[in-house]
Amino acid sequence: MRIARFSIDGNVAFGAVEGDRPDELVLDIIKGIPFADFELSGTKVPLSKVRLLPPVLPNKVVAYGRNYAEHARELGNEVPDAPFAFFKPSTSVIGSGDEIQYPSFSEELHHEAELAVVIGRMCREVPRERVADVIFGYTCANDVTARDVQKREKQWARAKGFDTSCPLGPWVETDLDLATASDLTVQLTVNGEQRQLGRTSEMIHPIEDLIVNITEAMTLLPGDVILTGTPAGVGPLTVGDEVAVTIEGIGTLTNKVVKRG
């Protein structure tokens with residue numbers, strides 16, 4: 001099931017996305033919230049009539065860096081022996097169709113296409129064999145990075161945590177099992193030109209290892225998001241660019257870059 005979060009006529013709701021053709025997609029509005037037992041209302045609205053919001057509002061976004069060997073090397077970094085985590089705040093999250101605001105303190109903004117894992121239940125110290133039980137679904141992400149700031153500051157808080165630096169969407173796909181999610185095509189285009197192309201099977205540390213790693217240290221809550229790293233091909237974004245992340249079996253997350261007002 002594809003679960004989207006949206007607004008219409010000033011109201012916010014979740015809905016199940018139905019249909020195959022992009023111009024014919026409709027939302028069946030959900031009664032309740034998707035992290036608990038819910039029913040489909042049968043009330044349907046065309047996707048074209050709503051504004052898509054970030055599919056979840058995470059308490060925290062845990063991101064993993066240098067989790068693809070070729071990406072680590074393209075930036076001159078060593079491949080880490082263990083998962084390498086950092087955080088993006090909830091205020092960095094935007095949805096598909098929202099604008100990425102080019103930060104005033106950077107002159108080198110980069111795109112990073114990533115598979116995002118959405119957590120479905122409160123969990124801590126998750127054993128590897130139980131990881132699938134805590135996953136709600138998967139979505140597309142763009143770990144937008146102020147690369148020049150990242151290079152000169154030892155902490156990545158500003159470089160990767162500024163407002164609008166974490167586009168998520170367009171929805172959460174809940175029907176992918178862990179094995180399938182571990183071998184999906186990840187593609188990113190800028191103004192229609194392909195920049196990144198990889199597979200999640202190229203991760204150094206797979207999804208199971210990432211969730212085991214972070215839950216050893218902290219509790220994850222329903223709606224929390226894990227960013228699993230980016231394949232090679234990261235590069236610059238400029239004002240006016242349209243950047244799109246497409247992940248096999250999930251969908252396409254599209255955002256335009258604008259000057260921060």
Side-chain angles (χ1 to χ4, degrees), residues 5 35 53-68 71-72 75 77-95 98 100-103 105-106 108-126 131 134-169 172 186 200 203-231 234 245 253 255 260:
R5 182 171 161 269
F35 300 109
L53 301 173
V56 290
L57 288 177
N59 174 270
K60 51 188 170 292
V61 177
V62 183
Y64 281 90
R66 303 170 188 169
N67 199 29
Y68 287 73
H71 167 60
L75 295 181
N77 297 312
E78 295 183 357
V79 176
D81 293 330
F84 181 78
F86 59 94
F87 293 97
K88 295 174 82 80
S90 59
T91 48
S92 69
V93 174
I94 59 174
D98 291 337
I100 299 168
Q101 297 180 5
Y102 204 117
F105 55 86
S106 173
E108 189 182 5
L109 197 66
H110 277 199
H111 55 74
E112 296 191 8
E114 310 206 7
L115 174 71
V117 182
V118 180
I119 299 301
R121 63 177 68 178
M122 184 165 58
C123 57
R124 182 169 64 93
E125 296 183 353
V126 179
V131 164
V134 306
I135 295 174
F136 177 67
Y138 303 88
T139 192
C140 307
N142 192 348
D143 176 19
V144 184
T145 302
R147 192 71 69 198
D148 51 347
V149 178
Q150 182 188 28
K151 290 175 181 176
R152 70 173 179 257
E153 296 182 0
K154 293 182 179 180
Q155 294 286 342
W156 294 0
R158 296 203 317 148
K160 287 179 171 285
F162 60 90
D163 290 355
T164 76
S165 67
C166 190
L168 297 174
V172 179
V186 179
T200 56
M203 290 181 194
I204 300 165
H205 305 288
I207 295 167
E208 297 96 320
D209 290 355
L210 304 182
I211 292 179
V212 169
N213 175 265
I214 196 61
T215 62
E216 286 177 338
M218 66 189 65
T219 300
L220 297 180
L221 302 176
D224 280 351
V225 171
I226 310 294
L227 303 189
T228 58
T230 192
V234 301
V245 178
L253 164 69
N255 302 92
R260 189 170 185 174

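Heads up: numbering here begins at 1 and tracks the sequence. No experiment lies behind these values; they were computed from the predicted model shown.
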For Gly65 and Pro80 the tightest heavy-atom approach is O-CG, 4.4 Å
Residues passing the side-chain hydrogen bond (donor to acceptor under 3.5 Å, both in side chains) test with Glu153, sequence neighbours excluded, are Arg158
Is there side-chain contact between Val93 and Leu57, with at least one heavy-atom pair below 4.5 Å?
no
Find out whether Val234 and Arg147 are in side-chain contact, i.e. whether some heavy atom of one side chain is under 4.5 Å from a heavy atom of the other.
yes
Test your reading of the model: is there a side-chain donor-acceptor pair from Lys88 to the backbone of Ser165, 3.5 Å cut-off?
yes
task: Decide side chain to side chain contact (heavy atoms under 4.5 Å, CB included) for Val118 and Thr139; before the verdict, give the C-alpha distance in whole Å, the side-chain angles of both, and the deciding distance to 0.1 Å.
output: CA-CA 7 Å; Val118 180; Thr139 192; 4.2 Å; yes
Exactly one of His111, Lys160, His110 clears side chain to side chain donor-acceptor pair (under 3.5 Å) with Thr145, and that residue is Lys160
Taking Thr228 for the side chain and Leu115 for the main chain, is one N or O donor matched with an acceptor at less than 3.5 Å?
yes
Legend entry - side chain to side chain contact (heavy atoms under 4.5 Å, CB included) assessment of Ile211 paired with Ile135: CA-CA 10 Å; Ile211 292 179; Ile135 295 174; 4.0 Å; yes
Legend entry - Whether Arg5 side chain and Pro54 backbone form a donor-acceptor pair below 3.5 Å: yes
Nearest heavy-atom approach of Tyr68 to Thr200 is OH-CA, 3.4 Å
Between the CD atom in Glu208 and the CE atom in Met203, the distance rounded to the nearest 0.5 Å is 9.5 Å
Tell me if a side-chain donor or acceptor on Asp163 pairs with a main-chain N or O of Pro103 at a distance below 3.5 Å.
no
The reported gap from CZ in Arg66 to NE2 in His205 (rounded to nearest 0.5 angstrom) is 11.5 Å
Can you find a pair of side-chain heavy atoms, one from Asn67 and one from Leu210, that are under 4.5 Å apart?
yes
For Ala113 and Asn142, the nearest pair of non-hydrogen atoms, with its separation, is N-OD1, 4.3 Å
Quiz prompt | Any side-chain heavy-atom pair of Leu220 and Val126 under 4.5 Å | solution = no
So side chain to side chain donor-acceptor pair (under 3.5 Å) across residues 55-65, not counting sequence neighbours, yields Lys60-Asp224, Tyr64-Asn213
- Working for side chain to side chain contact (heavy atoms under 4.5 Å, CB included), residues Leu227 and Cys166: CA-CA 10 Å; Leu227 303 189; Cys166 190; 4.3 Å; yes
Report yes if some heavy atom in the side chain of Tyr138 is under 4.5 Å from a heavy atom in the side chain of Ile207; otherwise report no.
yes
Heavy-atom distance under 4.5 Å between the side chains of Ile119 and Leu221, does that happen here?
no
The reported gap from CG in Leu253 to CG in Asp98 (rounded to nearest 0.5 angstrom) is 9.5 Å
Closest non-hydrogen atoms of Gly223 and Val56, given as atom of the first, atom of the second and distance, are O-CG2, 3.6 Å
Rounded to the nearest 0.5 angstrom, the CG-CG distance for Leu109 and Asp148 is 8.5 Å
When rounded to the nearest 0.5 Å, the distance separating CZ of Phe105 from CZ of Arg260 is 6.5 Å
Are the side chains of Thr230 and Asp143 in contact, using a 4.5 Å heavy-atom criterion? no
With sequence neighbours left out, the residues meeting side chain to side chain contact (heavy atoms under 4.5 Å, CB included) with Pro222 are Phe35, Met122
Check: Does any non-hydrogen side-chain atom of Val62 lie less than 4.5 Å from one of Phe87?
Finding: yes
Expected output: side-chain Glu114 to main-chain Gly229 donor-acceptor under 3.5 Å
yes
Rounding to 0.5 Å, atoms CD (Glu125) and OG1 (Thr215) come to a distance of 7.5 Å
Donor-acceptor pair, side chain of Ser106 and main chain of Glu108, under 3.5 angstrom | yes
